[in-house]
Amino acid sequence: MGHRILHRRSFLKWTGAALATAVLPGRVCRAAGKPRDSEKPNFIVIFCDDMGYGDVGCFGSTKHRTPNLDRMAAEGTRFTSFYVTSGVCTPSRSSLMTGCYPRRVNMHQNEAGLCVLFPVNHKGLHPHEITIAEVLRGQGYATACVGKWHLGDQPDLLPTRQGFDYYYGIPYSNDMGTRQGPGRPPLPLLRNEEVIEAPADQNTLTRRYTEEVIKFVRANKDRPFFVYLPHTMPHNPVHASDAFRDKSANGRYGDAVEEIDWSAGQILAALKDLDLDDKTLVLFTSDNGAASRWGGSNGPLRGWKGSTWEGGMREPCIVRWPGRIPAGAACDELACTMDLLPTFARLAGASAPTDRIIDGRDIWPLMSGRPGAETPHEAFYYYQMDQLQAVRSGKWKLHLPLKPKKRNWGKPEPGCPLQLYDLDADIAEQNNVAEEHPDVVERLLALAEKARDDLGDTGRKGKGQRPAAFVPHPKPLRMSAK
Ligand SMILES: [Ca+2]
């Protein structure tokens, strides 16, 4: 503990007054070995990187063999209007962790205005934010993050400082270690806060993540646990281990997807083996849509990773908890990663933080298949970095008129006209029906204005935004000299 307390002090120094007065939740050591509270379910979140809506069999893939995920869907419920809050990694992940829109927690772009964090950036998720791991740890959960973090690579911003008892994985994207230099270390693999391998052997990451998760689950089988498994794959450069390489019908990308499927099967088998099957909620989804280049598919959806078309932000989602979540069901009500924090909090006997705005809502009525349950979201907002680009309410999605329309990378599009789509009838966003429904357009424009006021827009600060953390002298993560 000694070095951690020291870190905490230095941390308080660099973040200044705002944090000095902050409560630091979830950082008190909890007594170990408490007997299992049978009312508290375990949670495992399998979070792929850049896997698209159409990349698994139970969401229509004909290229990839995903028998384990297909069985998981047969034993659980598929969510077919499940969203992330951004078409790219960092902002999307900040929402799963905090239950908030990226702009709320200021993680919608890095300090240079780029769409994600890069190695040795100053910025990261503010430790004052209360993460889903901190909420659950406060309820006696053992917590682990195994995989790609991407919410700050400095020691004070790592998962171990954001509510996770254990961390094993890479701190940012797997394409961020290929060009090396003074500020660009070889891709580090960390255990807790120590770099144990650099560059990380990417071929074996999915297999090793799986082993780490199963080890953690076994070690904590007698108490409630929360495992967050943000896979590194199938993000480019796509890798798979020997057992899967060159085996799929869709090149390296398909190999990686099939290995992730195997991984899910191993984890589900371990739960069964440990008699934890009906005590564990397992959720499978992805952090954003498939990119246009590497072999992924967004199924019927328009657009790719990095866009506010459905293909960028609507994800395949499977939720399984035998006996509690209906088997073989599908739910088309709007839900999103922000909802996991309040939902899991409720199931763990807690509530979402009440001292700040949380955008997510409890979706247990949807997950548990309560008849007539509807989405708790009046509106869902599609931001591209700092720009509000679209809003969905019910079946309607309005693309705002923009000049220019920002892109996550490359030059902005010169403009984008106002468009209204009926997603129930037109999931592919092909038929603009704005002229036929001026009343709907007006209602959604008003909802957009509410978001601008609260969360901001390009050139406009929102009233409800909170700060990110900022480290003044970031250092590259390297292996320590032995
Ligand atoms: Ca991603």
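Counting starts at 1 for both ligands and their atoms, following the listed order.
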*Of the backbone and side-chain N, O or S atoms of His235, does one lie nearer to the Ca ion (ligand 1) than 3.0 Å?*
no
*Measure from the ring center of Phe470 to the ring center of His126 and say whether it is less than 6.0 Å.*
no
*Have a look at Asp287 and say which of its N, O or S atoms is nearest the Ca ion (ligand 1).*
OD2
*Mind telling me whether Phe164 and Trp149 have parallel, tilted or perpendicular rings, with 30° and 60° as the class edges?*
perpendicular
*Any chance the rings of Phe118 and Tyr172 have centres within less than 6.0 Å?*
no
*Can the positive tip of Arg208 be found less than 6.0 Å from the middle of the six-membered ring of Tyr168, inside 45° of the ring normal?*
no
*asked:* Within rounding of 10°, what is the angle whose vertex is the Ca ion (ligand 1) and whose arms end at SG of Cys89 and OD1 of Asn288?
replied: 110°
*Cation-pi check, Lys148 to Tyr209: give yes when NZ or CZ is under 6.0 Å from the six-membered ring centre and within 45° of the ring axis, no otherwise.*
no
*Does Ser92 put an N, O or S atom under 3.0 Å from the Ca ion (ligand 1)?*
no
*Would you give the angle at the Ca ion (ligand 1) between Asp49 atom OD1 and Asp50 atom OD1, to the nearest 10°?*
80°
